[in-house]
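Input: a single structure, listed below in structure tokens.
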2 protein chains.
Amino acid sequence: MQVASWNVNSIRTRLSHATDWLQTNPEVDVLCLQETKVVDADFPKAPFEELGYHVYIYGQKAYNGVALISKATLTDVRMGFGAILDEEAVGNLDEQKRVISAVLDGVRILNLYVPNGSSIGSEKYEYKLRWLALLKQYLIKTLEETTKLNVCGDFNIALENKDIYTDEKRDKHIMSSPKERETLRDVLAVGRSPMERDSLSDLLGVGLADAFRKFTDEGGHFSWWDYRAASFRRNMGWRIDHHYLSPELYEQATRCWIDVEPRKLEKPSDHTPVIVEY
Amino acid sequence: MQVASWNVNSIRTRLSHATDWLQTNPEVDVLCLQETKVVDADFPKAPFEELGYHVYIYGQKAYNGVALISKATLTDVRMGFGAILDEEAVGNLDEQKRVISAVLDGVRILNLYVPNGSSIGSEKYEYKLRWLALLKQYLIKTLEETTKLNVCGDFNIALENKDIYTDEKRDKHIMSSPKERETLRDVLAVGRSPMERDSLSDLLGVGLADAFRKFTDEGGHFSWWDYRAASFRRNMGWRIDHHYLSPELYEQATRCWIDVEPRKLEKPSDHTPVIVEY
DNA sequence: GGATATGGGG
DNA sequence: CCCCATATCC
């Protein structure tokens, strides 16, 4: 089974890229999209359905928006944190459409578009941290019912220095600040005791692990390049799109890779797909 | 010698259409562009120069703008009415960049983007009529020095009913109202006495004549189709782009035709080129 | 730099 | 319907 994650930065603008990519990647069972930037009524479902895919969407006008494109029917589709968390806990964090999840072959696929956070200390930064805190509650609840969980999407966080093209201003940069990294690490540690979190030895015991890192320790692998400053040409990228797997799935993972090709097309998204196989 | 007129509705958006068209129409000596919609500093001259053309521009930000693209060097290039008319007479009518002219092989080519006029009775309508009145003065002065004059461009006026796809609301429609037609007919009658203007018999004596009408009386030939209402597919067009020739040139004219092909391209201009040969 | 929205223009 | 401009977001 293959699951792909791709922030398309507008599904309407990137429609042919997405359908072309599915056709050249027929082994992908589920394509998780972020930043579809379209209300559900205007989502171009037909082009995917004509290729034989099922389409599950959770969108809004202009910003955010997530979708699942699947060869097989998905079950127990959930939109937003509110699907399983209390209204009170969710607060305003479902106003932005960033969470969709569903089940295929006993695996729950959770597709996320984590807030960008703008700049450290900003209101949006605080929103990002609050959002991640709620995500932790969402994961705790999800893991009560599932042992096979694939949490993927645009995390807008690079956990390790080698996931960024440069070391410059790393600590003061959005997507790599210590606080963001700590917060995400804490989120991924769901189910692990504080002591376990500090030990690298028991990675598979509980918590979620980065599928990409099962297969390589190398740096210099990126999934996002800023449109500005010719970043892609100069390979000034970041690895911020991830597949985090529950222990059982992590053990079963056979591959995880980044397909750089779509970033080379005309009018590309600034992100490129990341695929995991298990 | 061939001269083409084409309202490209943004030269930056239509750059490849324009360069492609020149390459498939190598017999065109001068391409007159309207609605270039770009300040001179940002006009994409290089792509034309790399094909061996000379570029003469008179543009502004966002609106209007005219240009001459020529295989040979042009002489006595003039921008705006103010190049030959008094400041007082011109008033504010050079604020919008709509007039460029130059000489090739003893022929003065005058490239115009006549105001659209918005709707009958509007402020813009009055501007259009005032602009045409000034054009008449400009032509009178020009004809004092030239016997070979080719006045071309987007006139935003269809002089005859057969130049429009329908008869509906013609009298109340911008581009076909009686007043606009009278005004343009009066402009074209430069040099003819009031009595001559009423006589069709002496068309070649003085004044300017429609090159396209030298070769056919047929209706249904159009140079512009509104982007809206699938006008092109339904051939709901207007012939509003013209080549008006002084008597000497009119006699020498060997062809005048509309090339509909560019209107069929992806992201086309709403206008298509009109070419005259003499 | 490229996506969105809105508003003016045709 | 498709230009442009401005503004916000990333």
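Computed from a predicted model, the values in this text were never measured in an experiment. We name chains A, B, ... by the order of the sequence lines, and we start the count at 1 in each one.
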Item to check | Among D:dC10, D:dC3, D:dT6, the one nearest B:Lys37 by side-chain distance | outcome: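 Per side-chain heavy atoms of B:Lys37, the pick is D:dC3.
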How many whole angstroms separate atom [atom1] of [X] from atom [atom2] of [N]?
X	N	atom1	atom2	answer
B:Asn7	D:dC2	CG	C1'	13 Å
B:Gln96	C:dG9	CD	P	11 Å
A:Glu123	D:dC10	CD	P	12 Å
B:Arg234	D:dC1	CZ	P	11 Å
B:Trp225	D:dC2	CH2	P	15 Å
B:Trp6	D:dC3	CH2	P	13 Å
B:Tyr227	D:dC3	OH	P	5 Å
B:Tyr113	D:dC4	OH	P	13 Å

Checklist entry - What are the residues of residues 9-20 of chain A, sorted by number, that bring a heavy atom to within less than 4.0 Å of DNA chain C? => result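 Contacts with DNA chain C under 4.0 Å: A:Asn9, A:Ser10, A:Thr13, A:Arg14.
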Checklist entry - Judged by modelled atom types alone, do A:Asn235 and A:Trp225 share a side-chain donor-acceptor pair under 3.5 Å? => result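 The answer is yes; a qualifying pair exists.
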Next on the checklist: Looking only at the side chains, is there a donor atom on one of A:Glu35 and A:Asn64 sitting less than 3.5 Å from an acceptor on the other?
Outcome noted: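 A:Asn64 and A:Glu35 do not have a side-chain donor-acceptor pair below 3.5 Å.
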Checklist entry - With ring centroids as reference points, do A:Phe212 and A:His221 lie under 6.0 angstrom apart? => result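 Aromatic pair counts; centres sit under 6.0 Å.
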Checklist entry - For the residue pair B:His243 and B:Trp257, is the inter-centroid distance of their aromatic rings smaller than 6.0 Å? => result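 No; B:Trp257 has its ring centre 6.0 Å or more from that of B:His243.
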Checklist entry - Does B:Asp154 reach the side chain of B:Tyr113, with side-chain heavy atoms less than 4.5 Å apart? => result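 When only atoms from C-beta onward are counted, B:Tyr113 and B:Asp154 do touch, with a gap below 4.5 Å.
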Item to check | Residue met sooner reading DNA chain C from 5', once A:Ala229 and A:Tyr63 are mapped to nucleotides | outcome: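 Result of the comparison: A:Ala229.
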Checklist entry - Counting only side-chain N and O atoms of A:Lys267, is one of them less than 4.0 Å from OP1 or OP2 of C:dA3? => result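 Yes, such a contact exists.
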Next on the checklist: Is there a side-chain contact between A:Lys61 and the phosphate of C:dA5, meaning an N or O under 4.0 Å from OP1 or OP2?
Outcome noted: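 Result: no.
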Item to check | Cation-pi check, B:Arg239 onto B:Phe222 ring (under 6.0 Å, within 45° of axis) | outcome: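 Judged by the rule, B:Arg239 and B:Phe222 form no cation-pi pair.
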Checklist entry - Got a salt bridge between A:Lys179 and A:Glu182, using NZ or NE/NH1/NH2 to carboxylate O under 4.0 Å? => result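 No, no charged N to carboxylate O under 4.0 Å.
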